[in-house]
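All chains are named by letter (A, B, ...) in the order of the sequence lines, taking the proteins before the strands, and each is independently numbered beginning at 1.
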2 protein chains.
Amino acid sequence: MAATIKDVARLAGVSASSVCRALAKPEQVRPETRERVERAASDLGYYPNRAARGLITGRTANIGVVLPDLANPFFPSVVKAIQTQARRFDYAVFLSDTDEDPALEVPLIRALAKQVDGFLLCSPRAGDEELRAFAGHTPIVVLNRRVTPFPSVTADSADGMRQAIGHLHALGHRRVAYVAGPRTSWSNRDRLRGLRSATSTYDMELIEAGNVAPTVDGGAAVADLVAASPVTAVIAYNDLVALGLLNRFRAREIAVPERISVVGFDDILLAGLVTPALTTVAIAKEQIGRTGVDLFLDLLKDDEGRKPVHKRTPTQLIVRASTGPAHL
Amino acid sequence: MAATIKDVARLAGVSASSVCRALAKPEQVRPETRERVERAASDLGYYPNRAARGLITGRTANIGVVLPDLANPFFPSVVKAIQTQARRFDYAVFLSDTDEDPALEVPLIRALAKQVDGFLLCSPRAGDEELRAFAGHTPIVVLNRRVTPFPSVTADSADGMRQAIGHLHALGHRRVAYVAGPRTSWSNRDRLRGLRSATSTYDMELIEAGNVAPTVDGGAAVADLVAASPVTAVIAYNDLVALGLLNRFRAREIAVPERISVVGFDDILLAGLVTPALTTVAIAKEQIGRTGVDLFLDLLKDDEGRKPVHKRTPTQLIVRASTGPAHL
DNA sequence: CAATTTCCTGAAAACGATTCCAGACTGACC
DNA sequence: GGTCAGTCTGGAATCGTTTTCAGGAAATTG
């Protein structure tokens with residue numbers, strides 16, 4: 001159906017090799033033949049078959065992106081940034097959503113492995129060992145998590161938590177709850193770690209509420225539990241969970257922020273649109289995606305030349321209406 | 001690096017052809033060799049190179065998904081459904097975000113064309129002619145738009161608009177504004193068509209407000225214009241636009257729904273979480289994605305056997321708090 | 001004008017898989 | 001035991017590229 005290099009060669013009256021050269025390294029062929037080839041190619045609407053090229057060059061110009069849940073608005077933002085940056089370098093994106101299932105991750109990666117030059121794993125849920133075991137020599141960059149020996153890009157959660165806790169402390173809060181996300185999530189552990197350190201710095205009491213799914217429903221599920229505990233503020237694993245809390249609080253007529261302040265994490269679009277608008281720790285989503293691609297391309301260039309790189313992107317507390325002075 | 005079929009053949013002490021058969025058509029080889037091959041394959045962690053296979057079989061088991069903007073929460077939902085259904089048939093997904101740029105569409109498709117068995121175009125912005133011109137014999141299924149001669153899946157906007165207008169009419173509204181989306185969007189034209197028919201049925205007056213970007217900012221941009229016009233209700237091209245309206249109305253202390261009722265379209269997650277919760281026309285996003293994949297696979301099976309199929313998915317008005325009785 | 005270099009080109013091999021074809025072996029049957 | 005059918009296997013061709021290699025033409029040099 002589609003034109004191949006041979007069709008172009010025939011039409012231009014040259015060999016396939018010349019067509020290849022004319023298109024890939026124009027300086028190596030006579031201007032005249034180059035022009036003939038170019039015209040033939042455009043007449044036939046010829047575009048090289050990247051899969052075939054990949055077979056021989058070992059470079060597919062495809063990048064595999066794996067993430068736990070496209071329905072979480074955080075990820076589309078990152079993916080979009082990845083897309084944009086990848087396209088800039090003529091890379092195409094393979095997308096795989098694992099549905100928060102750690103067991104699905106490695107098989108999915110493996111199935112795609114030969115069709116891509118490597119992977120960007122966004123918030124992978126699989127175990128470190130598992131990832132390492134797979135990685136053979138497939139280039140892998142990890143986003144929102146650190147797994148030696150892979151290069152990674154993470155948000156500076158510790159600093160974000162410090163800002164959040166500083167803000168709450170200034171408002172008079174002394175007891176704060178944390179609604180934890182998935183146990184398998186490195187971000188969750190990282191945020192908790194940062195939070196613990198921040199609360200101890202400020203000498204505040206931290207109450208941890210069970211692990212929930214990183215969704216609105218997950219937040220709603222523990223809202224009553226949080227409300228029943230002796231805290232004046234709650235920090236959620238992410239914005240979706242925070243919104244679940246807000247929703248349930250409203251349903252029960254628990255005033256936010258008068259009775260309890262709520263802080264989210266990620267700063268998804270939603271956060272600014274609900275009422276009360278959500279105070280949250282913004283993550284540089286675009287930067288994470290973009291940097292991930294850059295690290296990935298570096299990785300491809302100097303094949304295992306040097307030490308793994310860890311980039312940390314800044315976080316920024318966005319104060320909106322869901323936080324206020326502590327009651328009592 | 002990675003094991004090839006030859007490595008497996010060597011380890012198992014058989015030829016490459018036998019390895020291929022043992023794995024693809026187990027009944028054609030002796031149980032003993034099959035077992036040897038299977039063990040060798042799993043020892044080496046062998047997975048066939050799909051690109052190489054695609055070269056010869058002409059089937060890549062990849063599906064290309066093209067959409068205008070991943071940042072619009074509508075699309076991730078659809079993509080997720082596509083993923084899930086595609087995976088069920090062992091298909092992987094190539095994703096391309098065109099950034100609402102009609103001119104980017106065809107080149108992007110073309111670049112991917114050889115690596116996929118065909119495309120699912122979500123709300124493509126390119127012109128009909130352009131799409132047809134490209135399509136050569138690449139299987140294409142169109143979502144959220146109808147373009148002969150491609151199979152397509154669309155939402156029943158007309159019915160959705162009928163429901164919305166019926167609802168508003170019952171609440172006493174007689175003059176309603178429509179905030180139009182991108183001019184290049186078929187959905188926009190379709191919704192407008194449905195809306196015109198519905199308002200004329202109910203003998204209501206329709207005022208159309210300029211075309212805006214399908215984003216929150218787009219909605220905010222025309223909110224004042226809408227407020228200044230003599231309407232008691234407004235229907236937005238989609239939920240994001242509706243949210244932009246809500247936001248701006250709140251900023252200006254224009255009461256919703258007391259002074260003006262607002263209706264969205266799509267029913268994205270956000271819609272139920274804002275205050276007032278948005279009345280909107282829900283679209284069967286998952287069904288659209290799923291059906292799209294099914295149509296696509298059908299298309300591959302009986303190669304151009306029969307007439308193009310157009311599926312229409314139901315819409316459902318979700319009444320929330322942003323609509324109420326007309327004032328005056 | 002001959003010798004040497006440079007430039008350009010085509011043939012052939014390779015990438016990793018699948019499939020067709022033909023041959024080897026097994027067993028059944030006469 | 002010989003023939004035949006049937007089962008299983010390996011070799012070779014193939015897909016669409018890229019790349020290496022070598023050779024011919026043109027250009028340069030003495």
Side-chain angles (χ1 to χ4, degrees), chain A residues 1-38 40-41 44-62 90 110-117 136 138, chain B residues 1-38 40-41 44-62 90 110-117 136 138:
Chain A
M1 304 287 180
T4 76
I5 200 170
K6 285 184 190 163
D7 300 323
V8 179
R10 199 173 318 126
L11 182 59
V14 298
S15 74
S17 352
S18 293
V19 174
C20 179
R21 270 186 295 256
L23 299 174
K25 321 168 180 159
E27 73 282 3
Q28 284 190 20
V29 310
R30 214 169 34 176
E32 184 206 325
T33 38
R34 168 153 57 99
E35 201 181 327
R36 274 227 309 286
V37 169
E38 277 169 356
L44 293 170
Y46 168 76
Y47 280 79
N49 182 328
R50 285 171 163 228
R53 170 190 296 166
L55 207 49
I56 178 156
T57 61
R59 188 177 161 285
T60 61
N62 292 149
D90 206 28
R110 215 193 294 276
L112 252 56
K114 300 273 181 50
Q115 300 193 78
V116 301
D117 291 344
T138 311
Chain B
M1 303 285 180
T4 75
I5 200 170
K6 284 184 192 166
D7 300 323
V8 178
R10 198 173 320 124
L11 182 60
V14 298
S15 75
S17 352
S18 294
V19 174
C20 179
R21 272 186 296 254
L23 299 174
K25 320 169 181 160
E27 73 283 3
Q28 284 190 21
V29 309
R30 214 168 35 174
E32 185 206 326
T33 37
R34 169 153 56 99
E35 201 181 326
R36 274 226 310 285
V37 169
E38 276 169 357
L44 292 171
Y46 168 76
Y47 281 78
N49 182 328
R50 285 170 161 228
R53 170 189 297 166
L55 207 49
I56 177 157
T57 61
R59 187 177 162 283
T60 61
N62 292 151
D90 206 29
R110 216 192 293 276
L112 251 57
K114 299 270 180 55
Q115 299 193 76
V116 301
D117 292 343
T138 311

Donor-acceptor contact below 3.5 Å, side chain B/Arg21 vs main chain B/Gln28: no
Spacing of B/Arg59 atom CZ relative to C/dG16 atom P, expressed in whole Å: 22 Å
B/Gln28 CD - C/dT18 P separation (whole Å): 13 Å
Given DNA chain D, 5'-ward residue of the pair B/Arg30 and A/Leu55, judged by closest heavy atom: B/Arg30
Nucleotide C/dG16, atom C1' - distance to CZ of A/Arg53 in whole Å: 18 Å
A/Glu35 atom CD: more than 12 heavy-atom contacts under 6.0 Å: no
Heavy-atom side-chain contact between B/Val19 and B/Arg34 under 4.5 Å: no
Rounded interatomic separation in angstrom, taking CZ from B/Arg34 and P from D/dT9: 11 Å
Distance, rounded to the nearest Å, where B/Arg36 contributes CZ and D/dT9 contributes P: 9 Å
Selected nucleotide, minimal atom distance to B/Ile56 side chain, candidates D/dT14, C/dA14, C/dG10: D/dT14
Flag, side chain of A/Thr60 to backbone of A/Asp117, donor-acceptor distance under 3.5 Å: yes
A/Asn49 CG - D/dT18 C1' separation (whole Å): 12 Å
Heavy-atom donor-acceptor pair, B/Ser18 side chain to B/Val14 backbone, under 3.5 Å: no
Under 3.5 Å: donor-acceptor pair, side chain of B/Arg59, backbone of B/Gly54: no
Donor/acceptor link under 3.5 angstrom from A/Ser17 side chain onto base of C/dA11: yes
Closest listed nucleotide, where the reference is the side chain of B/Thr57 and the choices are C/dT19, D/dT18, D/dT17: C/dT19
A/Ala16 backbone acceptor or donor facing A/Lys6 side chain under 3.5 Å: no
Side-chain N or O of A/Thr4 closer than 4.0 Å to phosphate OP1/OP2 of D/dC15: no
Closest nucleotide among D/dT17, C/dA17, C/dC8 to the A/Ala52 side chain: D/dT17
Spacing of B/Lys6 atom NZ relative to C/dT18 atom P, expressed in whole Å: 13 Å
Interatomic distance, A/Arg50 CZ vs D/dT18 P [rounded to whole Å]: 11 Å
Those residues of residues 18-25 of chain B lying under 4.0 Å from DNA chain D by at least one heavy atom: B/Ser18, B/Arg21
Phosphate-side-chain proximity, A/Tyr46 and D/dG16, N/O vs OP1/OP2 below 4.0 Å: no
Side-chain N,O (A/Ser15) to OP1/OP2 (C/dG10) below 4.0 Å: yes
